[in-house]
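For reference, the structure discussed in these notes is given below.
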Amino acid sequence: MRRTTTFGLLAACSLLAGCLGQTQQGDQARNADAKEITLTIVANAAAGGKNARGANWLQNWVIPKFTEQQKAKGVTATIKFEQNGAGDEDFKTKVALDLKTGGGGDIIEIDGIWLGEFAQAGQIKPLGDVVGNTDWDGWNQIPKAVQGLGEFDGKRYGVPMGTDGRVLFFNKKLFSQAGLPADWQPRSWQDVLDAGARLKALPGVTPIQLNAGTAMGEATTMQGVLPALAGTGKPVYENGKWQGDSAQLKDVLGLYQKIYGGGLGDPVLQQEAKGRDRSFQLFSENRIGILLESDYFWRSVTEPKNGVAKMADRDTALGWALVPARQAGAGVGGQDFVSMSGGGVRVINPNTKYPRQAWEFMQFLNSAEAVKESLAGTAQLTQRQDVNDQVLKGDPMLTFIAEKVLPITRYRPGLADYPKVSAALQQATADVVAGKSPDDAARAYREALVKAVGEGNVG
């Protein structure tokens with residue numbers, strides 16, 4: 001699964017470069033009046049290579065613009081940029097090592113899923129502890145739910161970058177054939193199942209695709225289990241505990257049983273090595289009726305010209321709806337509808353020699369002008385509502401995500417144990433698809449969870 005809809009920018013620098021000092025944390029005003037500053041950014045991006053758009057934006061727009069802005073204030077700013085093209089996990093290891101040893105860059109972009117892990121290790125600190133006053137007019141443009149991507153244990157650690165949202169996509173042509181409305185909006189799981197039952201009457205059509213099993217990996221968790229759990233009102237991690245074989249988890253597995261044991265989904269597809277890609281192709285061929293996915297499905301999969309599973313009539317044939325809670329009001333926070341999102345977060349290294357200037361640079365990177373420029377003319381969700389209002393005007397689907405989904409979304413817990421928990425959840429759905437009862441699958445899941453995280457960490 002694509003982890004973020006935006007390019008990756010990660011800041012780090014080598015200890016030998018001496019870009020950071022082994023300064024005492026908490027000295028938020030150190031070098032605040034410096035007239036010459038050096039800030040270093042290392043991007044997991046390379047011109048002509050990985051995340052090239054991000055590399056070009058940083059090198060050709062951000063650095064000269066910020067340097068010019070500082071010069072006008074009488075400050076000589078040197079912004080260093082080191083290009084990389086590493087895999088995500090390799091880059092995570094590098095950043096963690098830099099932070100652990102007191103080095104690294106001044107501004108670091110990490111995947112939101114890493115935030116809690118770095119925070120618990122003490123490698124990053126709450127933003128206010130690092131820079132002092134964090135007042136910024138930009139916060140008013142970032143929805144509260146999206147701000148949650150940069151928060152851990154109720155504290156703000158950084159500024160979110162672009163994000164995404166998950167919805168139910170549906171094929172309007174198949175819906176019409178089944179006598180279902182073009183403006184379909186289910187208000188419960190039962191409404192989805194009822195629509196699936198109507199679609200089942202169409203020959204050669206799989207009514208519902210809800211990612212399941214281990215072959216689909218994280219897509220099963222993000223486009224299946226976690227949205228469903230959010231719809232029960234009980235997230236996978238809460239109050240320091242991972243959710244075990246709870247009634248809510250059994251409800252989610254029961255939903256899988258109704259879909260795959262009830263002939264509404266294709267069990268074989270969930271076991272194929274490239275089952276997710278195959279589901280995209282089948283949907284574009286009008287052979288799947290309902291599919292839970294992120295906005296990536298709209299802008300990259302079914303996109304008529306360059307999509308991986310092009311739909312020439314996407315703009316008229318593809319519908320979308322909010323993911324309903326189990327029933328009205330049953331979702332997290334008492335919500336009627338739910339979603340899950342991913343994205344990156346920019347944080348400031350606690351060891352930076354220039355905390356106030358790093359915060360100023362952070363604000364610049366996340367300003368409306370900079371964020372809009374980073375898109376290079378493409379229509380894509382950003383963290384800023386004012387930018388979304390401008391760049392998404394001509395795209396009804398992405399506008400829907402920005403206006404309806406982002407205010408209610410949730411994020412994965414950014415903890416080191418999450419990948420192991422995710423794998424156990426994937427196996428639980430695989431067990432149900434293979435015919436095991438929800439109770440038995442939940443029991444096996446709990447056993448795997450205890451082995452992975454310890455009995456004391458399971459609720």
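Residues take their numbers from the sequence shown, with the count starting at 1.
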>> So F337 and K404, do their side chains get closer than 4.5 Å, heavy atoms only?
In response: no

> Would a 4.5 Å heavy-atom cut-off, applied to side chains only, mark D431 and Q427 as touching?
Replying inline: yes

>> If the condition is ring pair (Phe, Tyr, Trp, His ring centres under 6.0 Å), which residues does F280 pass it with, not counting sequence neighbours?
In response: F297

> Quick check: does any side chain N or O of Q426 sit under 3.5 Å from a backbone N or O of G217, one acting as donor and the other as acceptor?
Replying inline: yes

> Can you name the salt bridge (Lys or Arg N to Asp or Glu O under 4.0 Å) partners of K274, sequence neighbours left out?
Replying inline: none

> Quick one: are S341 and V146 in side-chain contact, heavy atoms under 4.5 Å?
Replying inline: no

> Minimum heavy-atom separation for L149 to L115, with atom names?
Replying inline: O-CD2, 3.6 Å

>> If you apply the rule salt bridge (Lys or Arg N to Asp or Glu O under 4.0 Å), what do you find for K80 with D106, and how did you get there?
In response: CA-CA 10 Å; K80 297 182 179 180; D106 299 274; over 6 Å; no

> Are the side chain of D295 and the backbone N or O of G165 linked by a donor-acceptor pair below 3.5 Å?
Replying inline: yes

>> Under the rule for ring pair (Phe, Tyr, Trp, His ring centres under 6.0 Å), what residues qualify as partners of Y157, not counting sequence neighbours?
In response: none

> Is there any salt bridge (Lys or Arg N to Asp or Glu O under 4.0 Å) pair reaching into residues 332-342, and which pairs are they, with sequence neighbours excluded?
Replying inline: none

> With Y256, which residues qualify under ring pair (Phe, Tyr, Trp, His ring centres under 6.0 Å), at least two apart?
Replying inline: none

>> Taking the side chain as everything from C-beta on, heavy atoms only, tell me whether R166 gets closer than 4.5 Å to L292.
In response: yes

> How would you list, by chain and number, every residue that makes a side-chain hydrogen bond (donor to acceptor under 3.5 Å, both in side chains) with D439, sequence neighbours excluded?
Replying inline: none

> Parallel, tilted or perpendicular: which fits the ring planes of W57 and W61, with parallel below 30° and perpendicular above 60°?
Replying inline: parallel

>> Strictly by salt bridge (Lys or Arg N to Asp or Glu O under 4.0 Å), give each pair with a member in residues 442-459 just once, sequence neighbours left out.
In response: D245-R446, D440-R443, R446-E455

> Among all residues two or more places apart in sequence or in another chain, which pass the side-chain hydrogen bond (donor to acceptor under 3.5 Å, both in side chains) test with W242?
Replying inline: none

> Below 4.5 Å, heavy atoms only, C-beta onward: do V345 and V159 meet side chain to side chain?
Replying inline: no

> D395 and W298: side-chain donor and acceptor closer than 3.5 Å?
Replying inline: yes

>> Tell me if a side-chain donor or acceptor on S374 pairs with a main-chain N or O of V371 at a distance below 3.5 Å.
In response: yes

> Do E218 and R276 pass the salt bridge (Lys or Arg N to Asp or Glu O under 4.0 Å) test, and can you show the C-alpha distance, the side-chain angles, and the key distance before you say yes or no?
Replying inline: CA-CA 11 Å; E218 185 62 15; R276 186 172 179 232; over 6 Å; no

> Does the N31 side chain pair with the main chain of K353, one donor and one acceptor, at a distance under 3.5 Å?
Replying inline: yes

> Are Q335 and R410 close enough that a side-chain donor and a side-chain acceptor fall under 3.5 Å?
Replying inline: yes

>> Using a 3.5 Å distance criterion without hydrogens, assess whether the side chain of W359 forms a donor-acceptor pair with backbone atoms of L127.
In response: no

> Is there a donor-acceptor pair closer than 3.5 Å between any side-chain N or O of T101 and the backbone N or O of L97?
Replying inline: yes

>> Which residues pass the side-chain hydrogen bond (donor to acceptor under 3.5 Å, both in side chains) test with Q385, not counting sequence neighbours?
In response: D389

For residues 321-334, run the donor-acceptor check on the side chains, cut-off 3.5 Å, and write out each pair with its distance to 0.1 Å, sequence neighbours left out.
from : atom 1 : to   : atom 2 : distance (Å)
R326 : NH1    : D251 : OD2    : 2.6

> Taking all atoms of both residues into account, what is the closest heavy-atom pair of P186 and L168, and its distance?
Replying inline: CG-CD1, 3.9 Å

> Does the K420 side chain pair with the main chain of A452, one donor and one acceptor, at a distance under 3.5 Å?
Replying inline: yes

>> Give me each pair satisfying side-chain hydrogen bond (donor to acceptor under 3.5 Å, both in side chains) with a member in residues 231-241, each pair once, sequence neighbours excluded.
In response: none

> Restricting to pairs with a member in residues 356-377, which pass salt bridge (Lys or Arg N to Asp or Glu O under 4.0 Å), not counting sequence neighbours?
Replying inline: K73-E360

> So, T409 side chain and L406 main chain: donor-acceptor pair closer than 3.5 Å or not?
Replying inline: no

> What are the two closest non-hydrogen atoms of A96 and Q123, and how far apart are they?
Replying inline: O-NE2, 3.7 Å

>> Tell me the closest heavy-atom pair linking A442 and L253, and the distance in Å.
In response: N-CD1, 3.8 Å

> In terms of side-chain geometry, is the basic nitrogen of D386 or R384 positioned less than 4.0 Å from the acidic oxygen of its partner?
Replying inline: yes

> Side-chain donor-acceptor pair under 3.5 Å between Y411 and E151, yes or no?
Replying inline: no

> Are any side-chain N or O atoms of Q147 and backbone N or O atoms of P160, one a donor and one an acceptor, separated by less than 3.5 Å?
Replying inline: no

> Between T382 and G162, is there a donor-acceptor pair closer than 3.5 Å when you use the side chain of the first and the backbone of the second?
Replying inline: no

>> Less than 3.5 Å apart, any donor N or O on the side chain of N211 or Q209 sitting next to an acceptor on the other?
In response: yes

